[in-house]
K.L.:
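Right, I'll just put the structure down here and ask away after.
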Number of protein chains: 2
Amino acid sequence: MREKLEKYYSFVFEKELLDEIVQVGVYKKLRENELLVDLGDKMKGVPLLLEGAIKIVREDKNGEEILLYFLERGDTCASSFASAISNGKCGIRAIAEKESEIIFLPKEKLDEWLVKYKSWRNFVIESYNIRLNEMMETIDSLAFMRMNERLYKYLTDKAQIMRETSLNTTHQDIAYDLHTSRVVVSRLLKQLENEGKIKLHRNKIEILEF
Amino acid sequence: MREKLEKYYSFVFEKELLDEIVQVGVYKKLRENELLVDLGDKMKGVPLLLEGAIKIVREDKNGEEILLYFLERGDTCASSFASAISNGKCGIRAIAEKESEIIFLPKEKLDEWLVKYKSWRNFVIESYNIRLNEMMETIDSLAFMRMNERLYKYLTDKAQIMRETSLNTTHQDIAYDLHTSRVVVSRLLKQLENEGKIKLHRNKIEILEF
DNA sequence: TAACTTATGTGATATTAATCACAAAGTAAT
DNA sequence: ATTACTTTGTGATTAATATCACATAAGTTA
């Protein structure tokens with residue numbers, strides 16, 4: 001744990017803070033598709049992502065989903081931060097997109113560290129900032145782009161986050177993330193394939209053009 | 001300024017912090033439709049809203065707009081906070097929807113106060129939290145609701161923010177905020193009128209049912 | 001009051017996406 | 001190999017929204 005923490009966070013946090021994190025942080029390994037946070041959860045701390053990829057989705061009353069954004073190493077979940085510190089509920093669901101490693105930081109420390117460590121203050125503010133910007137990008141996609149563009153953006157974004165050039169996924173799963181129907185996804189994927197941007201296989205999509 | 005600050009913020013901030021705010025804060029009155037923050041601005045501080053209503057919109061490359069949310073008294077602009085503290089650019093535009101009063105807090109103090117005042121830390125985290133939730137609501141609307149529902153929600157939300165039961169606005173302006181066309185807005189408004197939820201006048205919409 | 005300007009109403013048509021229905025292909029299980 | 005299940009492909013239809021074109025109405029200004 002110390003090793004990976006150093007690797008991704010030594011330029012972010014002061015030495016003393018890294019020491020504290022090692023002391024109080026709880027290391028956890030997440031299996032692929034493991035649920036990390038569910039709608040309405042009250043967070044007892046915040047996860048610091050060491051490795052892997054986490055999908056953050058929003059769900060409405062009818063159980064319909066929409067992808068908000070992905071977290072990757074170096075990220076934290078701003079939504080849980082707020083929930084942890086104010087004892088409120090979390091409005092999102094977080095699922096590991098692949099095997100991931102996190103450090104869970106207990107909520108008691110969150111405010112204390114804000115006082116003690118400038119690097120922690122920067123990190124928290126910066127995390128919120130990143131997340132607000134991700135949300136704005138999501139809003140841009142929804143408001144300004146048509147489904148074919150959203151689909152292509154989804155594929156290239158996800159490939160980057162997963163650090164792969166092909167995605168192992170089904171059309172139905174994509175449809176859930178984009179909140180549309182499988183039929184629509186299949187048709188638009190075929191269109192993207194005809195444009196030479198991707199190549200389709202069963203349970204797998206190769207991305208040829210980024 | 002002291003008076004209004006006390007009125008809306010005395011339960012939020014400690015006495016010492018209120019004193020500091022009075023010392024370093026710059027009071028400003030905004031005319032209706034005055035531009036407070038523009039896309040790409042680098043913020044020199046954050047606005048604290050004392051009175052009025054501010055509209056926050058997002059714009060894409062083609063100059064097309066979409067409303068993100070409204071600020072009202074007691075609110076601050078989380079987007080400018082991040083921009084101010086990290087010297088980054090602001091990704092939004094903020095326009096006074098009606099005559100408003102703000103206190104502008106210089107960015108030099110923002111981090112200092114995080115160390116000194118627990119109430120300031122809470123306020124900042126809470127503001128981010130509120131804003132993230134507003135963004136999620138906007139995403140919900142875009143992803144899960146049809147235009148007629150979005151329109152009705154827009155009207156009732158805006159009426160609440162403006163503390164009025166009628167809105168002085170044109171169909172075209174609504175269309176800009178919802179990122180659709182005037183024709184669509186006019187038709188759906190007529191539909192809402194037929195359902196008895198609103199009453200249409202020239203340059204004015206009465207809301208009969210909340 | 002006439003001439004303009006701005007705001008609203010509405011038919012017709014086009015486009016995008018959602019939905020239904022079913023076939024075909026690939027994979028897994030017995 | 002047969003059966004069952006999952007995934008993908010595709011035509012047909014419907015619904016929502018966007019776009020065009022123009023009429024009418026309500027204010028404004030000369």
Side-chain angles (χ1 to χ4, degrees), chain A residues 32-33 60 62-67 138-155 158 166-207, chain B residues 32-33 60 62-67 138-155 158 166-207:
Chain A
E32 186 171 336
N33 294 321
D60 78 347
N62 314 323
E64 305 189 280
E65 282 193 5
I66 180 116
L67 171 71
T138 305
I139 289 174
D140 285 353
S141 304
L142 285 167
F144 304 131
M145 290 162 68
R146 273 181 281 120
M147 194 54 85
N148 56 348
E149 295 177 274
R150 284 178 58 203
L151 177 59
Y152 185 58
K153 178 170 163 36
Y154 170 87
L155 296 174
K158 183 160 174 181
S166 343
L167 300 173
N168 292 301
T169 180
T170 66
H171 300 183
Q172 181 60 69
D173 285 338
I174 297 174
Y176 287 138
D177 283 350
L178 296 178
H179 192 251
T180 179
S181 72
R182 197 273 311 165
V183 181
V184 169
V185 171
S186 291
R187 286 207 170 98
L188 294 175
L189 282 173
K190 183 55 72 185
Q191 204 178 288
L192 288 172
E193 187 173 43
N194 292 336
E195 293 167 11
K197 293 180 178 167
I198 62 174
K199 189 148 183 355
L200 298 175
H201 310 268
R202 189 183 168 90
N203 286 316
K204 182 174 149 188
I205 300 171
E206 252 181 279
I207 292 149
Chain B
E32 185 171 336
N33 294 322
D60 78 346
N62 313 324
E64 303 188 281
E65 281 193 5
I66 179 115
L67 171 71
T138 306
I139 290 175
D140 286 352
S141 305
L142 286 167
F144 304 131
M145 289 162 68
R146 274 183 279 122
M147 194 56 85
N148 56 348
E149 294 178 274
R150 285 178 57 203
L151 176 59
Y152 185 58
K153 178 170 162 36
Y154 170 86
L155 296 173
K158 183 159 174 180
S166 342
L167 300 173
N168 292 301
T169 179
T170 66
H171 300 184
Q172 182 60 69
D173 286 337
I174 297 175
Y176 287 138
D177 283 351
L178 297 178
H179 191 251
T180 180
S181 72
R182 196 275 308 166
V183 182
V184 169
V185 171
S186 292
R187 285 205 172 99
L188 295 175
L189 281 173
K190 184 55 70 184
Q191 203 178 289
L192 287 173
E193 187 173 44
N194 291 337
E195 292 166 15
K197 293 181 178 166
I198 61 174
K199 189 149 183 357
L200 297 174
H201 310 266
R202 189 185 170 89
N203 287 317
K204 181 172 151 189
I205 300 171
E206 250 181 281
I207 292 151

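Here is the naming used below: chain letters follow the sequence lines, and residue numbers restart at 1 for every chain.
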K.L.:
I need the B:Ile205 CD1 to B:Leu189 CG distance, nearest 0.5 Å.
P.N.:
4.5 Å
K.L.:
Does C:dA17 have its OP1 or OP2 closer than 4.0 Å to a side-chain nitrogen or oxygen of A:Ser181?
P.N.:
no
K.L.:
Take atom OH in A:Tyr154; do more than 12 heavy atoms of anything else shown fall under 6.0 Å from it?
P.N.:
yes
K.L.:
How many whole angstroms separate atom CE of A:Met145 from atom P of C:dT16?
P.N.:
15 Å
K.L.:
Which distance, rounded to the nearest 0.5 Å, do you find between the CD1 of A:Ile198 and the NZ of A:Lys190?
P.N.:
8.5 Å
K.L.:
Pick from A:Ile174, A:Val185, A:Leu151: which one makes a side-chain contact (heavy atoms from CB on, under 4.5 Å) with A:Thr180?
P.N.:
A:Val185
K.L.:
Find every protein N or O atom lying less than 3.5 Å from an N or O atom of nucleotides 6-13 of chain C, and list the pairs.
P.N.:
| residue | atom | partner | partner atom | Å |
| --- | --- | --- | --- | --- |
| C:dT6 | O2 | B:Arg202 | NH2 | 2.9 |
| C:dA7 | O4' | B:Arg202 | NH1 | 3.4 |
| C:dA7 | O4' | B:Arg202 | NH2 | 3.2 |
| C:dT8 | OP1 | B:Asn203 | N | 3.1 |
| C:dT8 | OP2 | B:His171 | N | 2.9 |
| C:dG9 | OP1 | B:Lys190 | NZ | 3.1 |
| C:dG9 | N7 | B:Arg182 | NH1 | 2.9 |
| C:dG9 | O6 | B:Arg182 | NH2 | 2.7 |
| C:dG11 | N7 | B:Arg187 | NH2 | 2.5 |
| C:dG11 | O6 | B:Arg187 | NH2 | 3.0 |

K.L.:
Provide, to the nearest angstrom, the distance between the CG atom belonging to A:Asn148 and the P atom belonging to C:dT16.
P.N.:
8 Å
K.L.:
Please report the interatomic distance CG(A:Leu178) to CZ(A:Arg150), rounded to the nearest 0.5 Å.
P.N.:
5.0 Å
K.L.:
Can you give the first and last nucleotides of DNA chain D, 5' to 3', that have an atom under 4.0 Å from a heavy atom of chain A?
P.N.:
D:dT6 to D:dA12
K.L.:
Sort out for me which residue in A:Glu193, A:Met147, A:His171 forms a side-chain contact (heavy atoms from CB on, under 4.5 Å) with A:Leu188.
P.N.:
A:Met147
K.L.:
Using modelled atom types only, decide if a donor and an acceptor are shared between the side chain of A:Asp60 and the backbone of A:Asn62 within a distance under 3.5 Å.
P.N.:
yes
K.L.:
Quick one: does A:Thr169's side chain get under 4.5 Å of A:Asp177's, heavy atoms only?
P.N.:
no
